[in-house]
Amino acid sequence: MGYEFGKIEKKWQKFWKENKTFKAYNKSEKPKYYVLDMFPYPSGAGLHVGHPLGYIASDIYARYKRHQGFNVLHPMGYDAYGLPAEQYAIQTGTHPEVTTNKNIEKYRHQLDRIGFSYDWDREVRTCDPKYYKWTQWTFIQLFKSWYNKDIDRAEPIEQLIKEFEKNGNLYIHAACDEVESFSAQEWKAKTEKEQQETLMHYRLAYLADTVVNWCPALGTVLANDEVKDGFSERGGHPVEKKLMKQWSLRITAYAQRLLDGLDKVDWTDNVKEIQRNWIGRSEGAMVSFGLSRYGEVETPPQPSPGGREQEPRYYNTDARTWKALKENVKDLRKNPTDAEKLLWEKLRRNQTGHYIRRQHAIGSYIVDFVCLKKKTIIEIDGKIHKYQKKEDKERTAVLQEKGFTVIRFSNQEVFEDIDKVVEKIKSFLDNKIDEEEISSEEHSTESGKVLPPGEDLGGVNVFTTRPDTLFGATFMVLAPEHELIEKITTPDRKEEVEKYVTWAKNRSERERMTEVKTVTGVFTGAYAVNPLTGKEIPVWTADYVLSGYGTGAIMAVPAHDSRDFAFARHFNLPIIQVVVREGEEPTDPATWEESYDSKEGIMINSGFINGMTVSEAIWATIDKLEEMGIGYGKVNYRLRDAIFSRQRYWGEPFPIYYKNGMPYPLDESELPLELPPVDNYLPTEKGEPPLARAKNWKTKEGYPYETNTMPGFAGSSGYYLRYMDPWNDNEYFSKEANEYWRDVDLYLGGDEHATGHLIYSRFWNKFLFDLGLVCEDEPYKKLINQGKIQGRSSIVYRIQGTNKFVSYGLRKQYQTQALHVDINLVDNDVLDIEAFKKWRPEFHDAEFILEDGKYICGYEVEKMSKSKLNVQNPDDLIDKYGADTLRLYEMFLGPLEQDKPWDTKGIEGVFRFLKKLWRLYFDENDNLIVTDEKPTEQELKVLHKTIKKVRSDIERFSFNTGVSAFMICTNELTDLKCHKREILEPLAVLLAPYASHIAEEIWETLGHEGGISYVPYPEYNEKYLKEDTFAYPVSFNGKMRFKLELPVDMQKEEIEKKVIEAREAQKWIEGKTIRKIIVVPKRIINVVVS
RNA sequence: GCGGAUGUGGCGGAAUUGGUAGACGCGCCAGACUUAGGAUCUGGUGCCGCAAGGCGUGGGGGUUCGAGUCCCUUCAUCCGCACCA
């Protein structure tokens, strides 16, 4: 009979189920331990041998912890929303839920056969209304929250509204969109809709026009982590950028905390690095550059360096007002009236002999034209600017109070006789005395704007991580999408710039990525003023600058940035070296082959920072910029907010309805908002999401519900919390349950979730932490990423144009074509020719060229997939060898975290081991042969050596060496013909986490009741491991030559003597001098001779 | 380009702190038992060499009595991010 795994495994799986052996208790005196597997998406294909790898490892650990007296939470569930079921629904009309449930059943059956110790009573499915009620609930909380930077956590939105009513948004530091400042009065004056619109800029779940990754083939948007190289991760369809109104989660508010949290979790460096990279923190400075369209004018007036007194007096308003007026100025400049345009042509560029600016902000006004030197304002009447509702009279009075003279002309005058108007202005200005002094409070510099000379175009901010190189900035580059481009481009360059911008915008992401090395760009005709040197630098636009990062504009430092360098070389722009390697002399950048990008060196050609090191200079420059009010230190993140809408059917509906076009959350009592039936799973003709097809998709009051659904990561972001208390209908989870289970002690899953699930889930948890709902701010204490199991495909070689196949070793003699062959037709690389002929009709008459009478297949290690015919189904292996063998073999394959190819042939060895183990306990007739005889020292040593090894291997998740230890132990006990209870009973317990079924069977046969799962894990006793002697390896000059058995307590001097006397040593000593003898107790003896 | 990881027999892989390189398993070779073997058992198996011995952890250099392990350098493969300022 022997080892009947089939019978045994069935029996014990039934036992576990009936006795609820693996039930976890929310109240317990035992310490808790939470072991979690990343729950699977139940695909139609079922499990292949790669899927259970992590589950087996975590199961071993969970079982080990139970043996150690822990109350173990080890749950399983299903990430049930996903594209395949929906695609299938579109094709066949089958409701995705039907498909999903069918797949879940299949998964469950497969999982059950492997003998996992899950507490199945806690199963969750993300598509279950009882579950997604809480996904929706969390969304509502996000909607009702904002992020307060002052206390660095989320707060209820009511808090914010209260503050708005008190002080407007003047003292609010929030993680939010760009919002104009407003006072309490202004807040109160807003309509409800306006207030809602304003709040939307602060909410953690918000609706906004967003540039999204639109996938036309899938008909939905995708999150950044769902897009790989410009194609959708699922399906590989092209993805394009599109502006759409979408829900987003303000995950960027948590960027720093997500980064900091990584320091306190026990994860692999790899995943931590991926997350750090994804968050992409960089420190630097925001610098304001003034912009001007100086164009054809010879030399721009040079502001004298340094010295606040001599700074040009361009600011005639304070910073806050300027901020408020800025947009208006931009707008007005963009849309001048015809009269203004006409007059400007006559006034610009000193034509009158006086320097005149247009649309300049003075106080809270924007005046049409001004000559600052003469403190004279020229206004054109007879038009109503959108933003100027006040009476001109009042305006004049105020401006006069500030010391300005206002002269007015009507539109008509300008149109009828412009020369006369210009003449009047000229003579007025000619006769007016220069107003040298402008009252000091008018241009207090606390954070004023430096506006450059020339035609004033406002300013532009750039982000740089290298403010130290500001003196080396010789040009500026704007992203083609940058809003200023249109404004600043000179007429003569307009055509060229527009052509370029259009071209750049229409290039796909894909093209932009693949053509990284081509340098393209055009000059806009505008200039920016380097705020430290006062020098004008040309402004270009080029697509190597991304609109999505920083401000979409850069200062280019070609000497110290490789991309800027390439650009400067290509377009022949100046390159100034400002950093030199310590101890080296500056060289002519014209001779350089590449830029010097290093963050180390000494500053040169850089004014006040000359001689400083780079890091000193960075800080000095930031200080200076802040002091001058033209820049500040700034931390920038690459992380983007998570787009949360999907135009799909099979997902959680948003608990949102629309009133007057504004979204409102459902009352919590109305949750869950269940997914409605639809007649068709495609978008509507109008392009609305499938939910728009649902009948009566509106509230009782008739307000329409949101028709988008949530993305895949919504349901998986908080599932580990729901496992703690999955039966709770009133709460996500009870406070008690959360305070008991707290966080996941061990989390196992693939590292493909590093930028998706693992970031979103941490964000979700931190948000709930801010709400006081969860007690740990990091959800996953320890994370292990199991490696992927790759397929091992078998290859046959067909001679081209024939139906003749040549064996692997002889294939080079022919022109062959490599074909994948089903791995089930191949054993140990030998092809079953008869089976192959029957496999496909076209091979029925195939002929073969054999080697040694066999057809040997080649192999290829690649992804396990149906098309490669290399998928190994665990069910087949369980049928043939049993679950215990499968469990052991998956662990035996290699280190858990390493990718490794699957090769079924090795499984025999593990199977043999279990059979051999069985024979320690039973004879050929299945009679128990275990005796109560006292074990020998040697036997005890074998056992305790194994206990020590297996324990330490489990602790460090080295399961492959653990299996090997069991094999060694079994081999040694077999050699010793040991059948003693005192040895074999602990061995069964030791093995139980790995090969649970056979261990249970042995345990029961040995006379125990109630199962093995909670029997204390064996402890090793050092006294059995003690050795009296040690076989010292003796080496000469580091080469091991022979072994010498010596007592362990022998003194070094004695050992040296023994070594020299040893017979085998003579050969190596002969004719040589002994220089030195090194003795490391219980390790090695090394004799140095020469 | 940046970051992370990995290179050890025919194969999967051991070697926890610098101390016997190749544990354990597969495969292969030989033998035993068998009508048979794709069952079971026993022995062998890094490479070269009849042997003594020599050579061996991707390559080169170094530290050390001693290096797969530490340092420098270089190559290759895999993964992640990528014109991120």
Side-chain angles (χ1 to χ4, degrees), chain A residues 228-229 268-278 280-282 284 462-466 469 473 477 479 512-513 515-519 542-546 548-557 560-564 566-567 597 636-638 751-752 754-755 787-788 792 827-830 832 859 888-889 892-895 897-910 912-913 915-916 949 952-953 955-956 958 960-968 971 1031-1043 1067 1075-1080 1082-1089:
Chain A
K228 297 266 179 286
D229 301 327
T268 58
D269 289 342
N270 180 33
V271 174
K272 285 192 190 185
E273 272 310 303
I274 291 174
Q275 293 216 346
R276 287 197 185 104
N277 214 315
W278 190 257
R281 180 191 156 102
S282 48
V462 302
F463 175 73
T464 177
T465 54
R466 296 293 301 274
T469 61
V477 189
R512 255 175 103 152
M513 273 188 262
E515 293 168 28
V516 164
K517 274 160 202 98
T518 13
V519 177
D543 70 352
Y544 81 91
V545 175
L546 306 176
Y549 185 79
T551 62
I554 61 154
M555 61 174 219
V557 184
H560 305 287
D561 180 282
S562 54
R563 293 150 308 173
D564 298 342
F567 196 81
D597 293 9
N636 220 14
Y637 300 93
R638 201 186 69 100
D751 60 4
E752 68 271 18
T755 52
K788 276 180 268 302
R792 187 180 188 276
D827 187 29
N828 196 16
D829 289 342
V830 178
D832 181 338
Y859 72 90
L888 286 169
Y889 185 56
F892 188 59
L893 274 179
E897 302 193 44
Q898 197 174 295
D899 287 355
K900 50 214 171 253
W902 177 270
D903 190 351
T904 304
K905 68 188 179 194
I907 199 170
E908 297 275 354
V910 173
R912 260 174 234 150
F913 151 70
K915 286 191 285 190
K916 195 166 179 178
K949 175 77 177 148
S952 85
D953 282 349
E955 295 284 357
R956 54 196 184 99
S958 177
N960 54 331
T961 51
V963 175
S964 148
F966 285 121
M967 289 174 170
I968 294 167
N971 290 344
Y1032 277 96
V1034 181
S1035 30
F1036 291 83
N1037 292 343
K1039 294 241 176 267
M1040 211 282 284
R1041 297 302 179 185
F1042 63 91
K1043 281 186 189 168
K1067 185 171 163 190
R1075 297 269 171 221
K1076 203 172 180 183
I1077 301 178
I1078 286 129
V1079 177
V1080 184
K1082 289 187 79 177
R1083 285 268 188 222
I1084 199 170
I1085 299 163
N1086 189 19
V1087 185
V1088 185
V1089 295

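In what follows, chains carry the letters A, B, and so on, assigned in the order in which the sequence lines appear, proteins first and then strands, with residues in each chain numbered from 1.
Nucleotide B:U16 forms a pair with no other nucleotide shown, judged by Watson-Crick or G-U wobble geometry with both contacts under 3.5 Å. Under the Watson-Crick or G-U wobble criterion, with both distances below 3.5 Å, B:A82 has no partner in any strand shown. Checking B:G43 for Watson-Crick or G-U wobble geometry (two distances, each under 3.5 Å) identifies B:C29 as its partner.
Considering only the side chain of A:Arg956, B:A15 comes nearest among B:G19, B:A23, B:A15. Side-chain atoms of A:Tyr549 lie closest to B:A85 of the nucleotides B:U40, B:G25, B:A85. Checking B:G13, B:C24, B:A85 against the side-chain heavy atoms of A:Val545 singles out B:A85 as nearest. In this structure, of B:G25, B:U20, B:C26, it is B:G25 that holds the atom nearest to the side chain of A:Met967.
The shortest side-chain heavy-atom distance between A:Ile554 and A:Asp561 does not fall under the 4.5 Å cut-off.
The same atom, C1', is picked in B:C70 and in B:G43; the two are 41 Å apart, to the nearest Å. For B:C71 and B:C83, the P atoms lie 33 Å apart once the distance is rounded to whole Å. Across the C1' atoms, B:G68 and B:A23 are found 15 Å apart, a figure rounded to whole Å. Between the P atoms of B:U69 and B:U8, the separation comes to 14 Å (whole Å). With C1' as the reference atom, B:G49 and B:G38 are 36 Å apart, rounded to whole Å. Using P as the reference atom, B:A67 and B:C55 are 13 Å apart when rounded to the nearest Å. Going from the P atom of B:G18 to that of B:G3 covers 26 Å, rounded to whole Å. B:C33 and B:U42: their C1' atoms are spaced 11 Å apart (whole Å).
The closest side-chain donor-acceptor pair between A:Lys1076 and A:Asn1086, if any, does not fall under 3.5 angstrom.
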Identify all pairs in which a protein N or O lies below 3.5 Å from an N or O of nucleotides 47-52 of chain B, and state each distance.
{"from": "B:A52", "atom 1": "O3'", "to": "A:Lys1067", "atom 2": "NZ", "distance (Å)": "3.2"}

Could you list all N or O pairs between the protein and nucleotides 1-9 of chain B that sit under 3.5 Å apart?
{"from": "B:G3", "atom 1": "O2'", "to": "A:Glu273", "atom 2": "OE1", "distance (Å)": "3.1"}

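With sequence neighbours left out, the side-chain hydrogen bond (donor to acceptor under 3.5 Å, both in side chains) criterion links A:Arg1075 to A:Ser1090.
For the pair A:Lys949 and B:A23, the criterion of a side-chain N or O lying under 4.0 Å from OP1 or OP2 is not met. Under 4.0 angstrom from either OP1 or OP2 of B:G13 there lies no side-chain N or O belonging to A:Thr961. Between B:A14 and A:Asn960, a contact under 4.0 Å exists linking OP1 or OP2 to a side-chain N or O. The phosphate of B:U20 has neither OP1 nor OP2 within less than 4.0 Å of any side-chain N or O from A:Asn1086. An OP1 or OP2 oxygen of B:A82 is reached within less than 4.0 angstrom by a side-chain nitrogen or oxygen of A:Arg638. Taking 4.0 angstrom as the limit, A:Lys1076 places a side-chain polar atom (N or O) nearer than this to OP1 or OP2 of B:C65. Under 4.0 angstrom from either OP1 or OP2 of B:C26 there lies at least one side-chain N or O belonging to A:Arg912.
Looking at heavy-atom distances under 4.0 Å, A:Val1088 makes contact with sugar-phosphate atoms alone, never a base. When heavy atoms are screened at a 4.0 angstrom cut-off, A:Lys916 is found touching no nucleic acid atom at all.
If you find the closest nucleotide of RNA chain B to A:Asp953 and to A:Thr551, the one lying nearer the 5' end belongs to A:Asp953.
One finds a salt bridge joining A:Arg792 and A:Asp829 here, because a Lys/Arg side-chain nitrogen approaches an Asp/Glu carboxylate oxygen to under 4.0 Å.
Using a 90° window around 0 for the glycosidic torsion, B:G9 falls inside it and is classed as syn.
Across A:Pro1033 and A:Lys1043, no two heavy atoms sit closer than the pair CA-CG, 4.2 Å.
The base of B:U20 lies outside donor-acceptor range of the side chain of A:Arg1041, with no N or O pair under 3.5 Å.
Between A:Trp278 atom CH2 and B:C81 atom P the separation is 7 Å, expressed in whole Å.
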